Protein chains: 2
Amino acid sequence: MSKQEVGPLGHVAVDDCCPGLLAAPLGEEQAVELARVFKALGDPVRLRLLSMIASREGGEICVCDLTPAFDLSQPTISHHLKQLRQAGLIDCERRGTWVYYWLLPEATDRLAGLLTRPGRPLPAETSA
Amino acid sequence: MSKQEVGPLGHVAVDDCCPGLLAAPLGEEQAVELARVFKALGDPVRLRLLSMIASREGGEICVCDLTPAFDLSQPTISHHLKQLRQAGLIDCERRGTWVYYWLLPEATDRLAGLLTRPGRPLPAETSA
DNA sequence: CCTCTATGTTGACGAACTTCGATACAGGAC
DNA sequence: GTCCTGTATCGAAGTTCGTCAACATAGAGG
């Protein structure tokens with residue numbers, strides 16, 4: 001389960017090529033790969049799932065703690081989790097009866113980097 | 001900068017409430033608003049459009065320079081530009097015959113901030 | 001073995017999305 | 001005024017997406 005494709009982000013990563021979305025025009029292929037990740041974030045349910053997973057203290061959360069937070073069927077939640085995983089944003093592991101999910105921070109770090117303007121050192125946190 | 005009609009992002013902005021996507025579970029309403037913006041980024045054409053607009057030297061670009069870069073009809077490009085505008089990512093102005101688009105950097109800055117982990121000062125650019 | 005619970009997969013349906021051609025609108029040139 | 005060009009809007013066709021019920025699978029425990 002943890003041997004899934006780690007995600008399209010690898011092809012658009014900062015270390016691969018680019019100074020970010022905002023500094024130079026994106027290539028067609030890079031745009032396709034990146035769009036897959038943003039599309040995964042383009043749903044309220046997936047956004048909340050990702051947020052719940054990422055903000056968990058221990059770094060991981062059981063599906064059994066995610067599902068009851070939504071007014072959706074269990075297969076639907078499973079479907080959204082799969083999309084987040086295929087986008088390379090999260091990963092999971094089965095431990096006995098339960099399956100645990102966790103964030104892949106490299107993914108969100110790269111997205112944040114791609115959205116950061118060249119001249120800007122930080123997006124937020126600066127003046128805090 | 002905090003009192004603009006900056007689009008849906010205003011409701012999820014860093015200065016409005018949150019420590020980001022990754023530090024605390026997102027509310028249902030915030031997730032809906034944020035998902036609108038990410039959905040706008042979830043298409044390769046729009047991603048390239050945004051990138052072309054953002055990376056332009058003068059800060060703005062004419063539609064007549066955007067359309068020929070794609071194998072798509074002019075109405076389709078216009079449609080995608082409208083979605084980016086409704087997401088609060090870009091804005092435009094007609095000057096004579098032509099219409100010019102530019103990036104709204106607050107939007108991308110906020111997205112980058114939301115995707116930045118609490119402990120992390122910067123997503124990239126640090127060691128540059 | 002069987003049964004129970006937790007999770008993932010399949011197939012189907014309606015809604016939303018992307019794209020196009022046709023058309024409408026805005027402004028410049030005549 | 002008319003004509004031409006650049007851009008937006010409209011309506012429709014084809015595709016993708018979100019959701020569910022039904023079923024399949026994995027592991028625990030008898």
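In the text below, chain A, chain B and the rest are named by the order of the sequence lines, each starting its count at 1. The model shown is predicted, which means the values in this text are computed figures rather than measured ones.
- Per the geometry, CD belonging to Q86(A) stands 11 Å off P belonging to dC17(D), to the nearest Å.
- At dC17(D), one or more side-chain N or O atoms of K39(A) fall inside 4.0 Å of OP1 or OP2 (strictly under the cut-off).
- To the nearest 0.5 Å, atom CG of residue L84(A) and atom CG of residue L50(A) are 6.0 Å apart.
- In terms of modelled atom types and a separation under 3.5 Å, the side chain of S55(B) and the main chain of S51(B) share a donor-acceptor contact.
- Checking dA8(D), dT19(C), dT19(D) against every side-chain atom of Q74(B), the shortest atom distance belongs to dA8(D).
- Without hydrogens or angle criteria, R48(B) side chain to D43(B) main chain gives no donor-acceptor distance under 3.5 Å.
- Mapping H79(A) and R95(A) onto DNA chain D via the closest heavy atom, the residue that lands nearer the 5' end is H79(A).
- Sequence order on DNA chain C of the closest nucleotides to K82(A) and W98(A) puts W98(A) first from the 5' end.
- Following rounding to the nearest Å, F38(B) (CZ) and dA16(C) (P) show an atom-to-atom distance of 22 Å.
- When distances run from any side-chain atom of T76(A) to the nucleotides dT19(C), dG6(D), dC20(D), the shortest one goes to dC20(D).
- Listed candidates were dT9(C), dA26(C), dT18(C). Nearest to the side chain of H80(B) is dT18(C).
- Atom CZ in R85(A) sits about 11 Å away from atom C1' in dT7(C), given to the nearest Å.
- When heavy atoms are screened at a 4.0 angstrom cut-off, L72(B) is found touching the sugar-phosphate backbone but no base atom.
- With dG21(C), dG18(D), dT9(C) as the candidates, the nucleotide lying closest to the side chain of D43(A) is dG18(D).
- With dG18(D), dG28(C), dT5(C) as the candidates, the nucleotide lying closest to the side chain of R46(A) is dG18(D).
- The CD1-C1' distance, from I77(A) to dT7(C), rounds to 12 Å in whole Å.
- Protein atom CG of L41(B) is 12 Å distant from nucleotide atom P of dT18(C), rounded to whole Å.
- Whole-Å rounding puts the E93(A) CD to dG8(C) P distance at 13 Å.
- Remark: L114(B) CG to L111(A) CG distance equals 12.0 Å, nearest 0.5 Å.
- Residue contacts for Y100(B): at a heavy-atom cut-off of 4.0 Å it reaches no nucleic acid atom on any strand shown.
- If you check dT7(C), dT7(D), dT19(D) against the side chain of V45(A), the one that comes closest is dT19(D).
- Between R94(B) atom CZ and dG6(D) atom C1' the separation is 7 Å, expressed in whole Å.
- Between D109(A) and R117(B), at least one side-chain N (NZ, or NE/NH1/NH2) sits under 4.0 Å from a carboxylate O, which counts as a salt bridge.
- Remark on DNA chain C: of its neighbouring residues G96(B) and P75(A), the 5'-side contact belongs to P75(A), judged by nearest-heavy-atom nucleotide.
- In this structure, F70(B) places its CZ atom 12 Å from P of dC20(C), rounding to the nearest Å.
- Of all the heavy atoms in I53(B) and L103(B), the pair that sits closest is CG2-N, 3.6 Å.
- With dT18(C), dT7(C), dT19(D) as the choices, the nucleotide that has an atom nearest any side-chain atom of Q83(B) turns out to be dT18(C).
- Phosphate contact (OP1/OP2 of dG27(C), side-chain N/O of T97(B), threshold under 4.0 Å): absent.
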